Number of protein chains: 2
Amino acid sequence: MGNPTLRQITMLELIPRAPQKTYAKELKDKLSNRGYEIDERTIQRDLVALERTLPLRCDDRDKPYGWSWAEKGIGIQAPAMDPIEALTLSLAEQYLEPLMPTANYKRVRIFFDRANAVLKESSPKLINRWRDRVRVLPEMIRFKKPKLIEGIEDQLYRAAFEGLQIKALYRKRGETQSALRHIHPLGLVMKGSINYLICMMDEDAEHPRYMPIHRFEQVTILDEKVKEPKNFNLDEFVHTNNLSFEFSKDLYTFKALFDYTAAAHLVETPLNSTQAVKRQTDGRLLVTARMTDTLQFEQWLKSFGSDVEVLAPKKLRNKFKQLAKELSNQYK
Amino acid sequence: MGNPTLRQITMLELIPRAPQKTYAKELKDKLSNRGYEIDERTIQRDLVALERTLPLRCDDRDKPYGWSWAEKGIGIQAPAMDPIEALTLSLAEQYLEPLMPTANYKRVRIFFDRANAVLKESSPKLINRWRDRVRVLPEMIRFKKPKLIEGIEDQLYRAAFEGLQIKALYRKRGETQSALRHIHPLGLVMKGSINYLICMMDEDAEHPRYMPIHRFEQVTILDEKVKEPKNFNLDEFVHTNNLSFEFSKDLYTFKALFDYTAAAHLVETPLNSTQAVKRQTDGRLLVTARMTDTLQFEQWLKSFGSDVEVLAPKKLRNKFKQLAKELSNQYK
DNA sequence: AAGCTTGCGACATATTTTGTCGGATGAGAA
DNA sequence: TTCTCATCCGACAAAATATGTCGCAAGCTT
């Protein structure tokens with residue numbers, strides 16, 4: 001006879017969360033794989049015994065009975081989260097909630113729930129205090145997330161993860177009708193509130209495309225493996241398709257004068273490690289850094305309005321000259 | 001005699017992760033609280049038995065022996081993560097890593113490690129594929145995080161969580177020397193790469209301040225409870241101190257013409273639910289929305305350069321007129 | 001209706017669990 | 001040093017439990 005505790009713990013780890021199920025026989029096999037040669041009867045008894053105290057569910061509508069962990073229950077976790085860990089997770093929650101795709105967020109939610117349960121137990125008063133006392137503020141304006149059809153997200157993820165082809169109803173931008181397409185998912189890119197499926201289409205088996213997942217209206221996963229272009233590289237794709245806003249990987253030396261109050265934070269949170277800052281006699285900050293040529297950087301510069309004067313490179317300074325002209329025309 | 005399995009599971013949940021420890025006597029008390037009246041001897045025996053198979057550590061340099069879970073081990077988790085859950089966590093990892101304070105990130109890391117372990121086991125080939133095939137792209141430029149002194153972050157968090165006063169060495173912006181201060185932590189605000197401690201100072205017991213935590217050089221937690229101004233409200237503080245960049249909560253009706261390609265995404269990811277978009281005959285998009293007057297919104301508008309023409313409110317249009325003038329002067 | 005699977009009660013037995021006791025050990029105080 | 005105290009740990013016996021086996025019943029399939 002082996003150690004019943006360890007065997008039962010192992011068994012509990014083998015039981016999936018509802019709505020999935022497992023069966024006595026399955027458990028017997030898996031336990032046997034892990035070195036516990038045990039009678040099926042014993043497993044039945046263990047399950048019934050544990051069910052009395054743990055949030056286990058037994059679906060006895062059919063035989064064999066299907067066993068699972070209650071969907072909402074927190075199950076077992078050892079070592080338990082310590083309060084600091086729990087605090088950190090509850091902070092992570094604040095970061096993730098506005099950013100992450102909703103379907104995914106729901107799935108990590110269970111961890112946050114668990115964290116909050118720990119906090120509640122360790123210091124029920126403090127947890128509310130904490131909620132009142134911590135804020136994660138957005139750095140930039142946040143857009144509404146596009147609406148997604150229930151379940152679509154999950155299916156696209158699964159297809160991308162398992163590398164399976166799909167058939168999907170996809171609505172192009174501006175169009176009101178969706179069309180059936182045969183798609184080979186290659187990857188996923190999340191950017192701000194929009195997530196894209198990177199994929200190959202049957203029509204053009206050479207060039208991958210990206211499709212915002214909120215334009216999918218129906219997805220069926222097929223049994224066939226995805227056909228990939230050889231040497232497909234997601235980073236490369238992202239760059240060449242302007243998804244990451246990078247024009248090139250060439251570095252240039254950036255130089256500009258910033259208003260002190262508008263850019264003082266650059267001293268402590270530099271653009272990158274090549275950045276140098278020097279206060280000028282007129283109070284402005286001369287900032288120098290090696291930068292890659294990205295649209296995001298330009299947008300960031302533009303957001304300073306007249307609180308920045310770009311000095312170098314020439315090309316960028318000219319762009320700003322041009323911008324000045326255009327704005328003058330626009331608001332004349 | 002009770003059920004040994006359940007009792008042992010409960011006990012395992014009571015054992016902290018290293019470097020924290022617990023002791024036989026402590027476990028006896030806590031188990032007794034949970035309804036397991038058990039001899040101390042039995043606990044010792046259980047611990048030794050479980051140590052053989054689980055990553056438990058026993059520090060036997062002193063008596064009583066200190067028991068803990070191995071720092072790196074994954075312990076027990078039931079129900080086990082299913083692959084989709086694991087996938088989602090590994091995605092959350094990509095979101096959080098660049099955003100979250102480093103000290104915190106290390107603490108949630110254990111969950112990500114666990115997730116990756118699950119993925120490795122369930123489909124070792126697919127996990128690598130997934131890593132190659134999913135990217136979370138930054139929406140805006142990201143600054144380097146300021147350097148923090150080891151342990152400072154943890155202590156400030158703990159003080160803020162437990163509502164305890166601290167003594168700290170704090171270096172003001174621009175100064176090279178830090179000064180000792182007596183501080184009453186009230187809360188925390190995370191914004192982009194900078195995190196702030198919101199607190200009261202002994203010198204001015206009326207007005208809370210915010211202090212970037214990377215300017216703290218040493219922190220000692222005191223035993224005394226924080227004194228708070230009555231009716232302290234973090235959200236209010238954040239607003240009145242321009243941390244959230246909100247000038248006022250008054251809504252105005254915003255109206256502007258956007259270049260189509262630059263702003264097409266607004267159709268699918270609107271600013272808020274009041275937004276209306278209409279395509280003009282010249283191809284531009286007329287966007288209308290009720291907005292609050294925030295600096296962030298203005299910055300976002302400015303980042304469009306000449307791809308936006310602000311129409312209303314007048315005040316905002318005038319700001320842009322002014323901007324056009326200033327830019328013209330600057331780049332003349 | 002036969003055959004199969006699965007759940008479950010019963011039962012005897014081997015095994016484990018557990019409280020108790022007493023000795024060993026080591027730290028700190030007198 | 002010696003004494004005291006807390007703790008660990010081995011031993012032991014009784015009580016409780018765990019386990020394999022068997023047989024029956026229920027429900028499904030063929």
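Only this structure's heavy atoms are used, side chains among them; waters, hydrogens and symmetry mates stay out. Treat the numbers as computed from the prediction; the structure is a model and nothing was measured. Every chain is numbered from 1 and lettered A, B, ... according to where its sequence line falls, protein lines coming before strand lines.
For Leu47(B) and dT17(C), the CG to P distance is 14 Å, given to the nearest whole Å. One interatomic measurement links the two molecules: CG of Leu31(B) to P of dT18(C), which rounds to 11 Å at whole-angstrom precision. The distance between atom NZ of Lys21(A) and atom P of dT6(C), rounded to the nearest whole Å, is 14 Å. Atom CD1 in Ile43(B) sits roughly 16 Å away from atom C1' in dA6(D) (whole-Å rounding). Rounded to an integer number of Å, the gap from CD1 of Ile38(B) to C1' of dG19(C) is 9 Å. For the pair Glu26(B) CD and dA6(D) P, the interatomic distance rounds to 17 Å; values are reported in whole Å. As a whole-Å value, the separation of Asp46(A) CG from dT16(C) P is 15 Å. Asn3(A) has its CG atom 21 Å from the P atom of dA14(C), to the nearest Å.
In this structure, of dT7(D), dG7(C), dA11(D), it is dG7(C) that holds the atom nearest to the side chain of Ala24(A). In this structure, of dC8(C), dG10(D), dG7(C), it is dG10(D) that holds the atom nearest to the side chain of Arg41(B). Here dG7(C) is the nucleotide among dT19(D), dT21(D), dG7(C) with the atom lying nearest to any side-chain atom of Glu40(A). Residue Pro4(A) places its side chain closer to dA18(D) than to any other of dC9(D), dT6(C), dA18(D). Closest contact between the side chain of Thr42(B) and the listed nucleotides dA18(D), dG19(C), dG7(C) involves dG19(C).
A donor-acceptor contact under 3.5 Å is not formed by the side chain of Arg45(A) with the base of dG7(C).
Toward the 5′ end of DNA chain C lies the nearest nucleotide of Gln44(A), the other residue of the pair Asp39(B) and Gln44(A) mapping further downstream. Of the two residues contacting DNA chain D, namely Arg61(A) and Gln8(A), the nearest-nucleotide position lying further toward the 5' end is that of Gln8(A).
The backbone N or O of Phe112(B) sits less than 3.5 Å from a side-chain atom of Asn116(B), completing a donor-acceptor pair. Side chain of Lys21(A) to backbone of Pro16(A): no donor-acceptor contact under 3.5 angstrom is found.
For the residue pair Arg41(B) / Gln44(B), a side-chain donor-acceptor distance below 3.5 Å is found, with atom types taken as modelled.
For the pair Arg34(A) and Tyr36(A), the cation-pi test (distance below 6.0 Å, angle within 45°) is failed.
Phosphate proximity of dC8(C) to Tyr65(A): present, with a side-chain N or O under 4.0 Å from OP1 or OP2. Residue Arg7(A) has a polar side-chain atom (N or O) positioned under 4.0 Å from OP1 or OP2 of dT19(D).
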Quiz prompt | side-chain contact (heavy atoms from CB on, under 4.5 Å) evaluation trace for Glu217(B) with Ile149(B) | solution = CA-CA 7 Å; Glu217(B) 293 184 347; Ile149(B) 294 160; 4.0 Å; yes
